[in-house]
Amino acid sequence: MNGLGRWARPLLAAGVLSMPHLVAAQSTEATDALLKRLEELDRKVKSLEEKLEQAERRGAETPAAVAAPAAVPTEPAKAAADPALLQRIDDIDQQVKIVGRKQELDAEAAAAKAKDGASAYAGSQGFGIRTADNAFRLRFGALLHADARAYLNNDFPGAAPDNFIIRRLRPVVEATFYDKYSLLIRSELGNQGSLSLLDGYAEARFTPEFKVRVGKFKGPVGLERLQSPQDLAFIERGFPTQLVPNRDIGFQFFGDVFDGRLTYQAGYFNGVRDGQSGDSDNNSGKDFNGRLFAHPFKNTDIDALRGLGLGIAVTSGVQGGSAASSNLANYLTPGQQTFFAYNTGTFASGERQRWSPQFYYYNGPLGVLGEYVTVSQEIVRSTNRREITNSAWQLYATWVLTGEDAGYVRPTPRHNFDWQTGGWGAFEVGVRASELRVDDDQFAGSAATRFADPAVSARKATDLGLVLNWYLNRNIKLQFNYDQTRFKGGAANGGDLPDEKIFFSRVQAFF
């Protein structure tokens, strides 16, 4: 092989061998042009080699050629033989380098886009947008409860009519930043027919053991109150929920310790009436709320006890009111009718303490939940000042007939309801007993000083409920619920209020 061939062909081969890698980053047009230029260059090199080989053969046949080795072109001489060709080789080599660098930049840009680029998603948990690394997320959700209520006994004083209602219609927006910080806004459009802020809070999850929440949200007290409405086994919550705070404004620290076997919550809030929510405060008194909830067998080999949870919750504070703004709550039946109301002029004035032992147990299709709540409050009417104590309890059991696992959150059907495939979703039945008892001291004193009227308000309400839940899929549920409540007191001449008998049905749509 002559000198120019040995010099030019390795360079040409290196360029050709590198082309497949570079072509991937180029358009077809640019690649074809480069290949065509290389083919032309290859033909010219071959032609030059042939001419040089012929010249060498002719020189070898004469003594003069042998005697004059200087006549054989050296590498520099050969290179000078076609400077235009060498320049083109340099040009192509430069283009190859440019193509290679462009490919590197494209690869870097693609990696950055894969990390930071956002994409839309949709599923049973909602709709939203998130980055590829899931560090930034925006989720949209909603809950609809469309109810039908049929009162089977209209003897209850001021009985509500049979009706259809939108019990809940709640759009929600949740944003997550840097995977540790979030903002949640949940509004209420149903029931009262007007827009109100239900939840609005910011949260920082520094570690699983230490998190902070600030804004308006549920106070960490009632077990069934803390359960999301889309996961409720019964259409309306039991009596204990009426004695614990609903949503309040404040802050709380919370987290999971001991490998998730213990959850703690501790917060400081404005303080709200029993079972109520608040957007402001009419006095300077504030409430401490605290809760411990343990899963003692969570990480053990005792399968039958892994679903056991035990807890205790307390609130403590000083709350005041006035004759015009009592800071006290009335109590409702499962059918949402008032069975206990304070007399006008009665108001909170002093310490308020709540405590609530609670538990649940889930094992396969079986679910059991129970809680007890007692609340003590200093109240005043005229010259009558007392500390009264009201209490409530409930116990219910559910069974998933189709075999799915029961839980504090709703079951997920193994087979969604579908006429064509024969899927029927999941079916669940349940039974509940619940009771609320008010302090007898509520009725002590004269008509001018007693806190409640025994001819209007009952001393005790005891409820028995039955439910059938049909989970068509993760997002759609139908409920059919019968409740019968008996009362002690509440009627004229020391009589009892008539039983409340009500049949509920509900369509739930949630995402």
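Because the structure is a prediction, the values reported are computed rather than measured.
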**Prompt:** Would you say the side chains of Glu500 and Gln337 form a donor-acceptor pair under 3.5 Å?
**Reply:**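 Yes - a donor-acceptor pair under 3.5 Å links their side chains.
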**Ser382 side chain to Asn384 side chain, donor-acceptor N/O pair below 3.5 angstrom** = no
**Request:** Go through the steps for Val172 and Ile185 under the test side-chain contact (heavy atoms from CB on, under 4.5 Å), then give the verdict.
**Result:** CA-CA 6 Å; Val172 59; Ile185 300 173; over 6 Å; no
Think [X] forms a cation-pi with [Y], using NZ or CZ under 6.0 Å from the six-ring centre and within 45 degrees of its axis?
{"X": "Arg213", "Y": "Phe217", "value": "yes"}
{"X": "Arg130", "Y": "Phe136", "value": "no"}
{"X": "Arg381", "Y": "Phe451", "value": "no"}

[X] and [Y] ion-paired at < 4.0 Å:
{"X": "Asp147", "Y": "Arg506", "answer": "yes"}
{"X": "Arg459", "Y": "Asp440", "answer": "yes"}
{"X": "Lys216", "Y": "Asp199", "answer": "no"}
{"X": "Arg354", "Y": "Asp274", "answer": "yes"}

Could you check whether the rings of [X] and [Y] sit parallel, tilted or perpendicular, using 30° and 60° as the cut-offs?
{"X": "Tyr331", "Y": "Phe339", "result": "tilted"}
{"X": "Phe487", "Y": "Phe156", "result": "tilted"}
{"X": "Phe210", "Y": "Phe206", "result": "parallel"}
{"X": "Phe511", "Y": "Phe127", "result": "perpendicular"}

**Item:** Trp470 and Phe417 aromatic centres sub-6.0 Å
**Value:** yes
**Request:** Please find out if less than 6.0 Å separates the ring center of Tyr360 from that of Tyr408.
**Result:** yes
**Prompt:** What residues form a ring pair (Phe, Tyr, Trp, His ring centres under 6.0 Å) with Tyr396, not counting sequence neighbours?
**Reply:**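 With neighbours one apart ignored, the set is Phe234.
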**Request:** List the steps, then state whether side-chain contact (heavy atoms from CB on, under 4.5 Å) holds for Leu144 with Gln508.
**Result:** CA-CA 6 Å; Leu144 169 69; Gln508 170 176 296; over 6 Å; no
In this structure, are over 12 heavy atoms from other groups packed under 6.0 Å from [X] atom [atom1]?
{"X": "Asn163", "atom1": "CG", "result": "yes"}
{"X": "Arg205", "atom1": "CZ", "result": "yes"}
{"X": "Arg386", "atom1": "CZ", "result": "yes"}

**Message:** Go through it in stages, so that I can follow the logic: the residues are Arg450 and Gln442, the test is side-chain contact (heavy atoms from CB on, under 4.5 Å), and I'd like the CA-CA distance, side-chain angles, deciding distance and then a yes or no.
**Reply:** CA-CA 6 Å; Arg450 60 193 178 202; Gln442 303 269 30; over 6 Å; no
**Prompt:** About how many Å separate CD of Glu209 and OH of Tyr264, when rounded to the nearest 0.5 Å?
**Reply:**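 One gets 8.0 Å once the value is rounded to the nearest 0.5 Å.
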**Straight-line distance of Tyr268 OH to Asp287 CG, nearest 0.5 Å** =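 Here the rounded value is 8.5 Å.
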**Prompt:** Shortest non-hydrogen contact from Arg237 to Arg432?
**Reply:** C-NH1, 3.6 Å
**Minimal non-hydrogen separation, Asn153 against Asp155, with atom names** = OD1-N, 3.0 Å
**Asked** Given Asp483 and Glu236, is the side-chain contact (heavy atoms from CB on, under 4.5 Å) satisfied, shown in steps?
**Response** CA-CA 10 Å; Asp483 272 275; Glu236 295 294 343; over 6 Å; no
**Request:** Could you give me the CA-CA distance, side-chain angles and deciding distance for Tyr482 and Phe480, then say whether ring-ring contact (aromatic ring centres under 6.0 Å, His included) is met?
**Result:** CA-CA 7 Å; Tyr482 173 78; Phe480 307 93; over 10 Å; no
